[in-house]
Amino acid sequence: MLLTVLSWFCSSLLLLLQAASGGKLPEAEVKVEVMHRPFLCHRKSKYGDMLLVHHDGYFENGTVFHSSRDQAGDSGAVWFTLGIKEVIKGWDKGLQGMCSGEKRKLVIPPALAYGKEGKGLPH
Ligand SMILES: *[C@@H]1O[C@H](CO)[C@@H](O)[C@H](O)[C@H]1NC(C)=O
């Protein structure tokens with residue numbers, strides 16, 4: 001819990017520093033489309049929550065590069081902690097406020113994913 005709070009604190013500090021350095025480039029945004037929202041939603045995801053997600057990854061041309069449902073059953077689903085950069089930035093941004101059982105489509109620019117080169121850390 002302490003780690004989560006610290007990480008959140010650090011990332012907001014980072015944002016402040018970027019703003020102060022005068023960069024006028026608009027920050028790359030994640031486009032979020034809700035495909036399915038469950039009828040009952042007791043609680044929405046927030047920073048520090050552990051989420052178990054299924055995900056299918058597509059390139060812009062529609063080619064699938066990853067599917068967590070490749071194997072039979074749920075074995076491909078992944079656990080991650082929201083907001084601590086355990087995953088690509090696009091997920092940390094795009095999977096907030098999500099209900100259990102909700103389905104979303106995220107359109108993530110390279111800067112919030114694996115970078116233009118398709119590997120390594122996002123800048
Ligand atoms: C789709 O895009 C990816 C990444 O740019 C590329 O590797 C793949 O070959 C493309 N597929 C088709 C059918 O154009």
Side-chain angles (χ1 to χ4, degrees):
M1 191 55 93
L2 182 64
L3 181 72
T4 300
V5 172
L6 281 174
S7 303
W8 180 82
F9 183 73
C10 284
S11 47
S12 46
L13 204 69
L14 208 76
L15 281 176
L16 281 177
L17 284 175
Q18 281 172 349
S21 70
K24 286 206 175 108
L25 287 173
E27 201 192 344
E29 280 303 327
V30 181
K31 201 177 125 210
V32 177
E33 200 181 303
V34 176
M35 316 281 287
H36 169 79
R37 181 156 267 171
F39 182 66
L40 287 174
C41 184
H42 296 293
R43 191 176 170 284
K44 292 181 173 180
S45 60
K46 60 179 174 55
Y47 273 103
D49 282 348
M50 285 202 67
L51 310 185
L52 179 65
V53 296
H54 262 296
H55 60 112
D56 298 310
Y58 300 86
F59 290 120
E60 267 172 310
N61 61 21
T63 306
V64 180
F65 65 83
H66 180 89
S67 175
S68 60
R69 296 178 204 265
D70 277 348
Q71 306 96 329
D74 280 353
S75 53
V78 293
W79 280 105
F80 77 99
T81 306
L82 187 64
I84 64 166
K85 296 181 181 163
E86 213 175 281
V87 288
I88 58 171
K89 287 182 191 168
W91 282 29
D92 276 348
K93 284 169 175 278
L95 299 181
Q96 289 181 51
M98 202 166 171
C99 307
S100 173
E102 186 172 325
K103 287 199 182 95
R104 286 186 178 183
K105 178 180 165 188
L106 305 182
V107 180
I108 304 175
L112 298 179
Y114 306 102
K116 279 191 214 113
E117 308 301 317
K119 57 184 177 187
L121 290 171
H123 355 261

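Start at 1 and go down the list; that is how both ligands and their atoms are numbered. Along the sequence shown, the residues carry numbers beginning at 1.
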Exercise. Could you check whether the rings of H55 and H66 sit parallel, tilted or perpendicular, using 30° and 60° as the cut-offs?
Key: parallel
At less than 3.5 Å, what protein N or O atoms come close to the N or O atoms of ligand 1? Include the distances to 0.1 Å.
| from | atom 1 | to | atom 2 | distance (Å) |
| --- | --- | --- | --- | --- |
| ligand 1 | 2 (O) | N61 | ND2 | 2.4 |
| ligand 1 | 11 (N) | N61 | ND2 | 3.0 |
| ligand 1 | 11 (N) | T63 | OG1 | 3.2 |
| ligand 1 | 14 (O) | N61 | ND2 | 3.3 |

Quiz prompt | Atom pair NZ/CD of K46 and Q96 - distance to nearest 0.5 Å | solution = 11.0 Å
Quiz item: Who are the ring-ring contact (aromatic ring centres under 6.0 Å, His included) partners of H42, not counting sequence neighbours?
Solution: none
Quiz prompt | I88 vs L112 side-chain heavy atoms within contact, under 4.5 Å | solution = no
Practice problem: Would you mind reporting whether P109 and E29 have side-chain heavy atoms less than 4.5 Å apart? | Solution: no
Quiz item: Which distance, rounded to the nearest 0.5 Å, do you find between the CD1 of I108 and the NZ of K31?
Solution: 12.0 Å
